2 protein chains.
Amino acid sequence: MRIVSWNVNGLRACAGKGFADWLAGAEADVVGLQEVRARPDQLDAALARPEGWHVHANPAERPGYSGVTLFSRQPPSAVHTSLGDAAFDVEGRYQEAHLGDLVVVNAYFPNGNGKNRDLSRIPYKLDFYRAVFDRLEPARAAGRPVLVMGDFNTAHRPIDLARPKDNEKTSGFRPEEREELDRWLRSGWTDTFRHVHGDTEGAYTWWSQRGGCRERNVGWRIDYVLASPGALEILTDAFIHPHVAGSDHCPIGVALNL
Amino acid sequence: MRIVSWNVNGLRACAGKGFADWLAGAEADVVGLQEVRARPDQLDAALARPEGWHVHANPAERPGYSGVTLFSRQPPSAVHTSLGDAAFDVEGRYQEAHLGDLVVVNAYFPNGNGKNRDLSRIPYKLDFYRAVFDRLEPARAAGRPVLVMGDFNTAHRPIDLARPKDNEKTSGFRPEEREELDRWLRSGWTDTFRHVHGDTEGAYTWWSQRGGCRERNVGWRIDYVLASPGALEILTDAFIHPHVAGSDHCPIGVALNL
DNA sequence: CCTGATAAG
DNA sequence: CTTAGCAGG
């Protein structure tokens with residue numbers, strides 16, 4: 001079973017850059033999208049209800065903002081979207097799909113930058129991390145296979161971005177944000193890409209749209225699939241697909257023996 | 001004395017298209033701008049405090065929206081911006097400058113189109129017309145010279161737009177909007193351009209930005225200088241300058257024997 | 001920087 | 001069709 005995550009940075013724009021072809025060729029069983037930035041009724045039918053997929057959308061209330069969508073070949077037995085806090089729920093950032101024994105979470109973790117390009121959204125971002133962590137703690141501790149995929153908006157270690165020194169005060173690589181990821185890993189979650197590929201350098205999932213960044217691979221690894229111990233047992237692969245165009249992020253994913 | 005009105009559709013954008021050169025060559029004593037769409041602190045000093053002019057700005061509270069500004073060679077003895085209703089005042093649509101005996105009003109009358117491209121802002125628009133009318137009624141009736149210049153967002157008669165038949169249900173040429181202008185003229189105000197030029201055809205002040213409209217002169221006359229009886233006595237000219245670029249509106253104005 | 005999407009005209 | 005704000009990272 002292959003599970004893929006992609007921050008599409010506007011599914012309508014991405015659709016015009018070949019999203020449908022990518023989906024058809026992705027050989028995926030589950031696809032989680034972040035930053036869809038559209039309600040289902042704003043999408044073409046081919047995208048809102050693609051042939052051969054079950055689709056669950058969780059758009060934000062604010063038009064054109066945030067939003068996650070999950071495509072799965074098999075119908076989930078349940079999909080939950082609430083973290084129990086309206087401040088999170090209105091922004092369309094969370095989906096938790098139950099596929100047999102497996103729990104697949106598709107999440108769009110908040111950006112820490114606030115309105116005046118300040119750091120005012122970092123508390124909200126860290127609270128979101130904790131809300132997801134707390135919600136999954138019983139399942140993880142019970143040994144159930146759980147995957148958390150999505151745009152975490154944080155590079156974990158210096159190896160995870162091209163310019164660590166320049167960005168120690170930038171949201172996305174600040175100590176308090178990195179510490180939140182540390183806490184997840186200390187608590188038993190595994191960064192599947194690092195688990196499979198070790199300290200491979202230059203493995204990024206997002207590049208600034210400023211001219212030349214992607215061509216020169218000046219990027220950040222901020223999209224992850226984290227695995228619970230129960231999910232790690234059946235993990236067979238983890239990958240980043242940096243050459244897929246259509247967004248400022250690229251698709252990432254895992255394969256499971258399932 | 002020459003008095004000029006121009007809806008600049010964003011003074012910052014207009015500045016990049018030669019606004020300063022136009023102002024220097026306009027041979028104007030008073031210039032009223034509408035849709036400035038910037039607070040003074042967002043403008044270059046050369047624009048916010050141009051050499052040789054007194055400047056009064058009345059920006060909207062909402063950033064990047066509406067806003068009127070008045071340049072005058074002589075300092076006004078007073079400038080009023082309130083119509084006594086916060087619903088109008090917060091949108092930066094009104095300035096009334098006292099220049100000796102003369103009262104010059106610079107007004108940006110509301111567009112009637114609402115949020116979903118419906119007609120929901122027409123009541124607000126008509127209320128604004130009445131608020132300005134009521135505020136000026138004592139001065140007009142007393143015979144004082146008063147000019148009301150600006151973007152009225154209404155074409156008065158079929159001759160005032162290229163496609164009258166197609167636009168009878170469009171905000172800007174609906175009966176209830178035209179009736180409001182009729183009422184002003186019945187009450188003693190004069191449309192200075194028509195007073196000077198009679199039924200000249202093809203005299204427009206705004207053209208849709210859709211390709212070809214301006215080149216083919218498919219436009220609307222929605223910017224006016226209205227004169228009270230006291231001002232009409234000293235009126236010597238009225239003009240439209242359709243070839244001035246920089247906005248989707250063009251400058252208009254009057255000359256007074258003053 | 002530079003792009004996506006809304007709001008307004 | 002265009003200006004401008006907002007947001008992303």
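Hydrogens, waters and symmetry mates play no part in the numbers below; they use all other heavy atoms, side chains included. Source: prediction; values computed, not measured. Chain letters run A, B, ... following the sequence lines, proteins first and then strands; every chain starts at 1.
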Donor-acceptor pair, side chain of B:Glu35 and main chain of B:Asn7, under 3.5 angstrom:
no

Across all chains, not counting sequence neighbours, the side chain to side chain donor-acceptor pair (under 3.5 Å) partners of B:Thr69 are none

Taking any heavy-atom pair under 4.0 Å as a contact, classify A:His249: base, sugar-phosphate, or nothing.
sugar-phosphate

Under 4.0 Å from a heavy atom of chain A: give me the 5'-most and 3'-most nucleotides of DNA chain C that qualify.
C:dC1 to C:dT6

Ordered by number, residues from residues 13-25 of chain A within less than 4.0 Å of DNA chain C (heavy atoms) are A:Ala13, A:Lys17

In A:Phe88, A:Phe128, A:Tyr124, the residue satisfying ring-ring contact (aromatic ring centres under 6.0 Å, His included) with A:Phe109 is A:Phe128

If you take any heavy atom closer than 4.0 Å to DNA chain D, which residues from residues 208-215 of chain B end up in contact?
B:Gln209, B:Arg210, B:Gly211

Below 4.0 Å from chain A heavy atoms, what is the first contacting nucleotide of DNA chain D and what is the last?
D:dC6 to D:dG9

Counting the atoms with a prime plus P, OP1 and OP2 as sugar-phosphate, which does B:Asn153 contact under 4.0 Å by heavy atoms, base, sugar-phosphate, or nothing?
nothing

All salt bridge (Lys or Arg N to Asp or Glu O under 4.0 Å) counterparts of B:Asp166, not counting sequence neighbours
none

How is B:Asp151 classified with respect to the nucleic acid when contacts are heavy atoms under 4.0 Å: base, sugar-phosphate, or nothing?
nothing

Classify B:Tyr108 by what it touches in the nucleic acid, base, sugar-phosphate, or nothing, heavy-atom distance under 4.0 Å.
sugar-phosphate

Select from A:Arg37 and B:Gly112 the residue whose nearest nucleotide in DNA chain C is closer to the 5' end of that strand.
A:Arg37

Counting only N and O atoms by type, is there a donor-acceptor contact under 3.5 Å from the side chain of A:Asp44 to the main-chain atoms of A:Ala46?
no

By side-chain contact (heavy atoms from CB on, under 4.5 Å), A:Asp191 pairs with (sequence neighbours left out) A:Leu185, A:Phe193, A:Arg194, A:Arg221, A:Tyr224, A:Leu226

Would you mind classifying the nucleic acid contact of A:Gln34 as base, sugar-phosphate or nothing, using non-hydrogen atoms under 4.0 angstrom?
nothing

Counterpart residues, salt bridge (Lys or Arg N to Asp or Glu O under 4.0 Å), relative to A:Glu179 (two or more places apart):
A:Arg186

Pick one: which of B:Tyr129, B:Trp184, B:Phe152 meets ring-ring contact (aromatic ring centres under 6.0 Å, His included) with B:Trp189?
B:Trp184

Which dot-bracket string fits DNA chain D when only Watson-Crick or G-U wobble pairs with both atom distances under 3.5 Å count, crossing pairs get [ ], and | stands for a partner on a different strand?
||||.||||

Quick one: side-chain contact (heavy atoms from CB on, under 4.5 Å) partners of B:Ser208, sequence neighbours excluded?
B:Trp206, B:Arg210, B:Cys213

Under the side-chain contact (heavy atoms from CB on, under 4.5 Å) test, residues paired with A:Pro40 that sit two or more places apart:
A:Ala57, A:Pro59

Flag yes if more than 12 heavy atoms outside A:Glu215 fall under 6.0 Å of its CD atom; otherwise flag no.
yes

Go through B:Ile252 and B:Met149 one step at a time and tell me if the side chain to side chain contact (heavy atoms under 4.5 Å, CB included) criterion holds.
CA-CA 9 Å; B:Ile252 65 162; B:Met149 66 174 163; 5.7 Å; no

When all nucleic acid strands are considered with a 4.0 Å heavy-atom cut-off, which category describes B:Asn111: base, sugar-phosphate, or nothing?
sugar-phosphate

When all nucleic acid strands are considered with a 4.0 Å heavy-atom cut-off, which category describes B:Gln42: base, sugar-phosphate, or nothing?
sugar-phosphate

Check step by step if side chain to side chain contact (heavy atoms under 4.5 Å, CB included) holds for B:Trp22 and B:Val31.
CA-CA 11 Å; B:Trp22 170 81; B:Val31 174; 4.1 Å; yes

State whether a side-chain donor-acceptor pair under 3.5 Å links B:Arg37 with B:Asn9.
yes

Output all residues satisfying side-chain contact (heavy atoms from CB on, under 4.5 Å) with A:Pro123, sequence neighbours left out; order by chain, then residue number.
none

Does atom CG of B:Asp182 have more than 12 heavy-atom neighbours, drawn from other residues, nucleotides or ligands, at distances under 6.0 Å?
yes

